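Everything on this sheet refers to the single structure shown next.
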Number of protein chains: 2
Amino acid sequence: MTEQHSTLRAQRRAETQRLLQTHAIRLFTERGYDATTVNDVAGAAGVSPMTVYRHFPTKEDLVLIDQYGQLIAEQIAASPAAQPLVRRIGGALIESARTLTGGRHGGDLTPNEQFLLARLRLMISTPALRAKHLDNHYALQQAIVAALDDDGAEPDTAFLAQAAASACLAAMHTALVRWAEDDGRTELPDLIAKAFAAAFGDDIVGTD
Amino acid sequence: MTEQHSTLRAQRRAETQRLLQTHAIRLFTERGYDATTVNDVAGAAGVSPMTVYRHFPTKEDLVLIDQYGQLIAEQIAASPAAQPLVRRIGGALIESARTLTGGRHGGDLTPNEQFLLARLRLMISTPALRAKHLDNHYALQQAIVAALDDDGAEPDTAFLAQAAASACLAAMHTALVRWAEDDGRTELPDLIAKAFAAAFGDDIVGTD
DNA sequence: ACCGAAGTGGTAGTGACTACCAGTGCGGTA
DNA sequence: TACCGCACTGGTAGTCACTACCACTTCGGT
């Protein structure tokens, strides 16, 4: 089956990517992002520098790669449209965060969360990564606007949606930074809710 | 006088910088940012590639350099503290935009606005520039938070201010993008006010 | 007339990234 | 089972942003 074929290929590919990413983030954390060359990462993972570029278009993508973008967009599309934009987007962001951090809390962090935290810390402290990450938010913003059924092609509606979406993402990002500074001790969804309350008023995001 | 001395030096330096920037933006607009090398810019301005780097730390800074950051921070610090964070920051941003676009409108764009528009268009369409510009917003956010008298070192207060500031800047950025797409036909302060209304509610920013 | 500091240019290098080319393993087919 | 094809890998050479480290000029102030 061509299905199985491509599945196997994809699996191996995913493994190599995870291997590269793990080594990269370890080295970046240890020695610093700028002080670590792509060659170093390749060497640590036991592959040639070429292979790194085959899997990740840029050095920055070794750290970034948010796959939650799609998750958030789906969450938005699935949410009821009959509510203020900010409330709608905020709810989706919080829900996505809950999914992302695993939903369970009170004990120690899961390896997944540790990994996420390490990446976040790098993203926050390294200018190049921070810049590209914020630019990714920009793309995510477009996805969110597209996911909001968009009542019309009327440019004004789109503009208002853009404004709301960008402000929401900014608030979420602030919560993410805080979460990283806190080493993940505070629950991420709560932090996002607090950030939204600070920016948009106490009543805008429900406690669900 | 040492004063006069350094003033003359600074003047000439500023002229060279403006020359370089003008040529750079013209070339970037004509051929595209990535397709234009720093050597090209240096050649067009009649200086050596080295000189470019003496005046601008990176190629991106040939386009970016927002000097309004300081203006906004001052505006914030001068605004009365007894009002909601978002309203306070929003007012300062709108006031800064009014200063920036010259205050006068209805006729044609000033050369200064043309220049600003050209840079904005580049910033929006070029990923590398967009990313760095958004990262500059991040620094600006810190400046804004610092300018808000900061009632206490209590981390929670700072977090709430960060959230509000980031959301405000995001809304402003959306307005800037819209302004550029509109070729500057709509008044920038009005666009910012509209963006704020969309994100934070109709009542949050006064019409002054 | 002279000194010193700022500005300029050159050279050689590093590191991210991109073609272009040649192997190599491994799944699916005859 | 032998063969074909294709994805994946590695190598080489090159571009370009950017960074030391160098010598030179120029020009304001003594």
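What you see is a predicted model; the values in this text were computed from it and never measured. Per chain, numbering begins at 1; letters A, B, ... match sequence-line order.
Taking atom NZ of A:K59 as the reference point, atom P of C:dT18 lies 14 Å away to the nearest angstrom. What separates CD of A:E60 from C1' of C:dA16 is a distance of 10 Å, to the nearest Å. Atom-to-atom, CG of B:L27 to C1' of D:dC16 comes out at 16 Å; the value is rounded to the nearest Å. If you take CG of A:L62 and P of C:dC17, they are 9 Å apart, rounded to a whole angstrom. The distance from atom CG of B:L129 to atom C1' of D:dA17 is 14 Å, rounded to the nearest whole Å.
Each of B:H133, B:K132, B:R130 was compared with A:D135 under the side-chain hydrogen bond (donor to acceptor under 3.5 Å, both in side chains) criterion, and only B:R130 meets it.
Between A:T36 and A:R31, the side chains place no donor N or O within less than 3.5 Å of an acceptor N or O (distance only, hydrogens not considered).
Judged by closest nucleotide on DNA chain D, A:V47 is the one of A:V47 and B:M50 placed further toward the 5' end. Nearest-nucleotide positions on DNA chain C place A:Y33 closer to the 5' end than the other of A:R54 and A:Y33. Of the two residues near DNA chain D, A:P49 and B:T36, the one whose nearest nucleotide lies more 5' is A:P49.
In this structure, the side chain of A:S166 engages the main chain of A:A163 through a donor-acceptor pair within 3.5 Å.
In this structure, CG in B:L122 is found 4.0 Å from OG1 in B:T29, a value given to the nearest 0.5 Å.
Put simply, B:H55 has no side-chain N or O that comes within less than 4.0 Å of OP1 or OP2 on C:dG7. Here B:R12 does not reach the OP1 or OP2 of C:dG7: none of its side-chain N or O atoms lies under 4.0 Å away.
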